[in-house]
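Residue numbers count from 1 along this sequence. Hydrogens, waters and symmetry mates are skipped; everything else that's a heavy atom, side chains included, is used.
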Amino acid sequence: ALRGFQEALSHVSDENSEALFIWSTLNLLYVFGISGRLSDGLDPHPNSLSRKDRMLGVEWIPMVTGIRTVAKPTHKALKDGRLGKFMTVGNWWEMDPDANPNPEDQHLCDLQSCWDGTLDGSTYEEALRILRKCRLFMARFSGNGMDPLEEAGFSRLWSGPLLFIIFAPQAYLTLLHQRQPPALILFAFFGALLHELDDYWFLEGWGRDIVEVIDDLLGSYWRPWIAWPSKVTGLC
């Protein structure tokens, strides 16, 4: 299947665009499902990739952003075709997290002081804004007064956290790969959002594992900054 997919990528067209998009999406679910089990010590090749790297997305973040890359050349055909509903993010672009304050959002806003005065402050600010929008996006499908079937035809709840990876600045993902403390702290809050999807078989345990790995990497000095994600995921 992988070989056939790679061959098809050399000849992307409107005719095979749906198959490529579906294959990329199903592969991502598979990677989440199998990697979650690998983090529990079931990896037959334990030296292939460390648990920390796996949880921080060294493998799966490129796969998420890769779906966008695969879909980009034929985006219009996909949006106008049978998979059109999967290609839209509703009113994502119009959502304003500042217009919908709540206690959970305040936990995110309080993070701003952890990167005050840093050279990468603007990158973290943009990543924070995207994460706040993801929380707001997920709230629309969490039984808070909106019927998800009315507008979307299905619940998009599971895609909410992944929008953070799709729309976050590339500079932020680089800082995360470098394991910069503010980037890790933001990612712990991403883990807390992901934990809301713990009932999905392919995401079971991911949110907690991400926060646990970040807690181990940050140590005691930064631990107060991730108190809320630790509480949400049951680590404290």
Side-chain angles (χ1 to χ4, degrees), residues 25 28-29 31-32 55-57 60-68 71 85-112 114-115 122-146 148 151-152 154-177 182-200 202-211 213-214 225-233:
T25 303
L28 178 66
L29 304 190
V31 168
F32 269 118
M55 291 296 104
L56 294 181
W60 62 263
I61 286 180
M63 290 185 181
V64 174
T65 56
I67 294 177
R68 180 177 56 185
K85 287 185 179 293
F86 292 94
M87 303 301 297
T88 179
V89 288
N91 68 335
W92 168 268
W93 303 107
E94 292 77 34
M95 284 194 301
D96 180 7
D98 292 323
N100 297 270
N102 68 34
E104 286 189 4
D105 190 60
Q106 188 57 49
H107 288 299
L108 286 163
C109 292
D110 289 343
L111 295 179
Q112 292 172 305
C114 83
W115 56 73
S122 60
T123 297
Y124 292 130
E125 289 290 340
E126 177 61 14
L128 174 63
R129 188 181 70 85
I130 298 299
L131 194 59
R132 292 175 66 205
K133 288 183 69 170
C134 289
R135 186 208 57 77
L136 187 58
F137 181 90
M138 292 175 66
R140 301 183 65 214
F141 301 99
S142 300
N144 294 336
M146 174 190 168
E151 177 183 316
F154 61 96
S155 174
R156 301 179 190 277
L157 180 64
W158 79 271
S159 63
L162 298 185
L163 291 176
F164 176 64
I165 304 302
I166 292 173
F167 292 115
Q170 180 57 48
Y172 166 75
L173 298 179
T174 300
L175 292 167
L176 176 64
H177 196 189
L184 290 171
I185 290 168
L186 274 170
F187 207 64
F189 279 73
F190 164 81
L193 292 186
L194 207 59
H195 186 70
E196 292 188 30
L197 309 179
D198 213 45
D199 290 339
Y200 288 73
F202 55 93
L203 292 175
E204 183 179 359
W206 269 90
R208 180 187 173 94
D209 284 351
I210 285 173
V211 177
V213 163
I214 291 173
W225 290 99
I226 62 169
W228 185 75
S230 297
K231 179 180 179 181
V232 167
T233 56

Begin from the C-alpha positions of S159 and F137 and carry the test side-chain contact (heavy atoms from CB on, under 4.5 Å) through to its verdict. CA-CA 9 Å; S159 63; F137 181 90; 4.0 Å; yes

State, with a plain yes or no, whether a side-chain heavy atom of [X] is found less than 4.5 Å away from one of [Y].
X	Y	result
P161	C134	no
L128	W115	yes
H195	P229	no
V232	E196	no
L56	L184	yes
Q106	D110	yes
T25	L28	no

Straight-line distance of [X] [atom1] to [Y] [atom2], nearest 0.5 Å:
X	Y	atom1	atom2	answer
Q112	E125	CD	CD	4.5 Å
M95	R129	CE	CZ	10.0 Å
W225	L111	CH2	CG	7.0 Å
T65	R68	OG1	CZ	6.5 Å
Q170	T123	CD	OG1	11.0 Å
I130	L163	CD1	CG	9.0 Å

Do W206 side-chain atoms and F32 backbone N/O form a donor-acceptor pair below 3.5 Å?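 Side chain of W206 to backbone of F32, a donor-acceptor pair under 3.5 Å: yes, one is there.
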
Mind checking whether [X] and [Y] have parallel, tilted or perpendicular rings, split at 30° and 60°?
X	Y	value
F167	W93	perpendicular
Y200	F202	perpendicular
W228	H107	parallel

Which heavy atom of [X] sits nearest a heavy atom of [Y], and at what distance?
X	Y	value
G160	M138	CA-CG, 3.7 Å
A168	Y172	CB-CD2, 4.2 Å
C114	I185	SG-CD1, 4.2 Å

For a ring-ring contact (aromatic ring centres under 6.0 Å, His included) check, start with the C-alpha distance between F189 and F164, then their side-chain angles and the critical distance, and finish with the verdict. CA-CA 11 Å; F189 279 73; F164 176 64; over 10 Å; no

Could you please spell out the steps behind the side-chain contact (heavy atoms from CB on, under 4.5 Å) verdict for L131 and L193? CA-CA 9 Å; L131 194 59; L193 292 186; 3.8 Å; yes

Walk me through whether I214 and M55 qualify under side-chain contact (heavy atoms from CB on, under 4.5 Å). CA-CA 9 Å; I214 291 173; M55 291 296 104; over 6 Å; no

